[in-house]
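Nothing here was measured: the structure is a model prediction, and the numbers come from that model. One is the number of the first residue; the rest follow in order along the sequence.
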Amino acid sequence: MTKPISPSPPKRIYIQEVVTRDGFQAESTFIPPEEKIALINRLSHAGYAKIEVTSFTSPKAIPMLADAETVMQGIARVPGVEYTALIPNLRGAERALTVGVDEFNLVMSVSEAHNQANLKMGREDSFNALSKVINLAHANHIATNVSLSTSFGCPMSGMTPLADLMNWIDRFAHTGVRGITICDTTGMANPAQVNSVCEAAQSKYPHLQWTLHFHNTRGMGLANALAALNAGIDRFDSSLGGLGGCPYAPGATGNICTEELVHMFDLMGLDTRMNIDTLLECSQDLQKIIGRTLPSQLLMAGKVDKLHTAPCQT
Ligand code: COA
Ligand code: ZN
């Protein structure tokens, strides 16, 4: 007798929230640490694999996140959720060590022009500084990820050649980092390019934890996420309400919107483990925190199962 073929389980997708880092960093009105902590505490129960809580950057460069220690120490950490923070240099890593993070998310740009604008140093200097941060992390048994900004394109120097991106991937892969995030900092990627990049990166380093980080600046965000999914990626950064953008990248706007990404993946039958209703409630309340409407189309329209009464005709 032949055994019945059991259907394969839905693909597990890991959602990583960046709203309190990428989302908040360009906001002009300071959001007090208590409000950041309260939001992270609510989000911690929504099913995320990882939350990027803050960044340990210079308070002069990013005044909004000058309270990184207070926020990191104030949150109630939920088991199963990884709490990460963006680290640009050794000073940032030492600050993060004092309050404890699950992962150091290092940052540098594939484009020299953006690295200079964002981090005020050349890529070689960034790489040398980040190599020291990686050694410090490994000595303290902290996981390391590197976020490569402008991996697809840079608003100052144009589209990023795949060979340039692969060069920096090669260099970091040899430092022993756990993962690499391929970032489309200003929404310049297109689905065909995403497919080529994801295939090249994963086939060369299948053991690394790969994350794709998209911005919806030119309306290609979800199309790019789908292209990445089809190329085998299972980990995505996204921001509640679609808030976000690098203050040192001309024309930068919001990340792909978490609730839209989760809504799409859930409808496709993927296993996100996310609570979409919690996301929508938090996104609604985030509008009160920032004092304006968020770009989330799902927040405006509601989920597909939201039914309306028929409009009456006179
Ligand atoms: N945390 C806190 N303070 C820091 C710091 C850090 N990680 N790194 C540097 N500083 C302080 C220095 O102590 C110094 O302070 P002082 O003026 O009171 O003496 C000052 O910042 C300048 O230090 P320097 O080493 O010359 O840094 P810089 O001015 O060249 O800036 C970075 C370099 C990387 C620290 C800064 O550009 C930065 O934080 N960029 C992050 C940008 C970002 O997060 N962008 C969005 C994410 S994509
Ligand atoms: Zn970003």
Side-chain angles (χ1 to χ4, degrees), residues 15-44 46-57 59 61-68 70-72 74-75 81-88 101 105 107 118 145 147 149 181 183-187 211-217 221-222 225 235-249 251-263 274 276 278-300:
I15 305 290
Q16 308 182 159
E17 181 58 58
V18 299
V19 69
T20 52
R21 199 280 298 169
D22 211 342
F24 282 177
Q25 67 188 7
E27 286 298 301
S28 51
T29 310
F30 186 72
I31 299 164
E34 309 80 64
E35 290 197 43
K36 293 170 180 152
I37 291 166
L39 176 61
I40 294 162
N41 286 350
R42 285 176 75 186
L43 292 173
S44 284
Y48 290 101
K50 214 185 264 188
I51 297 178
E52 190 168 59
V53 174
T54 186
S55 70
F56 290 89
T57 44
I62 310 284
M64 173 62 93
L65 303 179
D67 56 7
T70 310
V71 173
M72 205 73 227
I75 57 170
V81 183
E82 274 195 75
Y83 296 91
T84 186
L86 198 78
I87 312 275
V101 295
N105 183 20
V107 61
N118 194 37
N145 185 78
S147 281
S149 302
T181 302
C183 303
D184 184 24
T185 310
T186 57
T211 300
L212 267 288
H213 175 112
F214 293 115
H215 283 254
N216 196 34
T217 315
L222 285 191
R235 218 166 250 282
F236 295 87
D237 280 353
S238 59
S239 179
L240 193 70
L243 193 66
C246 174
Y248 298 99
T253 57
N255 296 67
I256 52 170
C257 166
T258 305
E259 58 268 31
E260 289 175 2
L261 184 73
V262 168
H263 181 252
M274 296 292 297
I276 185 76
T278 304
L279 293 182
L280 285 166
E281 284 158 23
C282 290
S283 189
Q284 190 75 47
D285 291 348
L286 178 58
Q287 300 192 126
K288 293 177 210 147
I289 297 176
I290 62 163
R292 61 172 200 282
T293 307
L294 284 162
S296 169
Q297 288 182 260
L298 193 68
L299 205 51
M300 259 189 291

Asks: Cut-off 3.5 Å, side chains only: do Thr84 and Glu52 have a donor facing an acceptor?
Replies: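 Thr84 vs Glu52: no donor-acceptor pair found between side chains.
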Asks: Keeping the roles fixed (side chain from Gln16, backbone from Arg235), state whether a donor-acceptor pair exists under 3.5 Å.
Replies: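 Not a single qualifying donor-acceptor pair exists.
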Asks: Please give me the minimum heavy-atom distance between Thr217 and Gly187, naming the atom from each residue.
Replies: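 Closest pair (atom of Thr217, atom of Gly187, distance): OG1-N, 3.7 Å.
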Asks: Determine the minimum heavy-atom distance between Ala85 and Val101, stating which atoms define it.
Replies: CB-CG1, 4.1 Å
Asks: Within the distance-only criterion (no hydrogens, no angle test), does the side chain of Thr258 pair as donor or acceptor with the backbone N or O of Ser239 below 3.5 angstrom?
Replies: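 Pair found, side chain donor or acceptor close to backbone of Ser239.
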Asks: Testing the basics here: between Asn118 and Cys246, what is the closest heavy-atom pair and its distance to 0.1 Å?
Replies: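 Asn118 and Cys246 have their closest heavy atoms at OD1-SG, 3.6 Å.
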Asks: How many angstroms lie between atom CZ of Phe214 and atom OG1 of Thr185, to the nearest 0.5 angstrom?
Replies: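 Reported to 0.5 Å precision, the distance equals 11.5 Å.
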Asks: Between Arg292 and Glu27, does any side-chain N to carboxylate O distance fall below 4.0 Å?
Replies: yes
Asks: State the CD1-OG1 distance between Ile289 and Thr29, to the nearest 0.5 angstrom.
Replies: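 Here the rounded value is 12.5 Å.
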Asks: Any side-chain heavy atom of Val107 sitting closer than 4.5 Å to one from Ser149?
Replies: yes
Asks: Nearest 0.5 Å, please: how far is CD1 in Ile290 from CD1 in Ile31?
Replies: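 Result: 7.5 Å between the selected atoms.
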Asks: How far apart are the closest heavy atoms of Gly241 and Ser283, and which atoms are they?
Replies: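 So the two residues come closest at CA-OG, 3.5 Å.
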Asks: How close do Ile62 and Pro247 get, counting heavy atoms only, and between which atoms?
Replies: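 The pair with the smallest heavy-atom distance is CD1-CG, 3.8 Å.
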Asks: Has the side chain of Thr20 got a donor or acceptor atom that lies under 3.5 Å from a matching backbone atom of Thr54?
Replies: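 Flag not set: sc Thr20 to bb Thr54 has no pair under 3.5 Å.
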Asks: Between CD of Glu35 and CZ of Phe24, what distance do you get to the nearest 0.5 Å?
Replies: 8.0 Å
Asks: Is the shortest side-chain heavy-atom distance between His215 and Asp22 below 4.5 Å?
Replies: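 Yes, side chains in contact.
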Asks: Check whether any side-chain heavy atom of Leu240 lies under 4.5 Å from a side-chain heavy atom of Glu259, and answer yes or no.
Replies: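 Heavy-atom side-chain distance check passes, below 4.5 Å.
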Asks: Donor-acceptor pair, Tyr48 side chain versus Glu82 backbone, under 3.5 Å?
Replies: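 A pair under 3.5 Å: no.
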Asks: Verify side-chain hydrogen bond (donor to acceptor under 3.5 Å, both in side chains) between Thr253 and Asn216, making sure each step is shown before the conclusion.
Replies: CA-CA 7 Å; Thr253 57; Asn216 196 34; over 6 Å; no
Asks: If only side-chain N and O atoms count, and only distance matters, is there a donor-acceptor pair under 3.5 Å linking Ser147 with Asn105?
Replies: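 Yes - a donor-acceptor pair under 3.5 Å links their side chains.
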Asks: Got a salt bridge between Asp285 and Arg42, using NZ or NE/NH1/NH2 to carboxylate O under 4.0 Å?
Replies: yes
Asks: Rounded to the nearest 0.5 Å, what separates atom SG in Cys282 from atom CD in Gln287?
Replies: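 Here the interatomic distance stands at 12.5 Å.
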Asks: Mind listing the closest non-hydrogen atom pair of Gly245 and Ala26 along with its distance?
Replies: O-CB, 3.6 Å
Asks: Side-chain contact, heavy-atom cut-off 4.5 Å: Lys36 with Asp67?
Replies: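 Yes, side chains in contact.
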Asks: What is the distance from atom CD1 of Ile75 to atom OG of Ser44, rounded to the nearest 0.5 Å?
Replies: 6.0 Å
Asks: Any side-chain heavy-atom pair from Phe56 and Leu86 closer than 4.5 angstrom?
Replies: no
Asks: Evaluate the side-chain proximity of Val53 to Val71: yes if any heavy-atom separation is below 4.5 Å, no if none is.
Replies: yes
Asks: Measure from the side-chain N and O atoms of Lys50 to the backbone N and O of Glu17, and report whether any donor-acceptor pair falls under 3.5 Å.
Replies: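 Flag not set: sc Lys50 to bb Glu17 has no pair under 3.5 Å.
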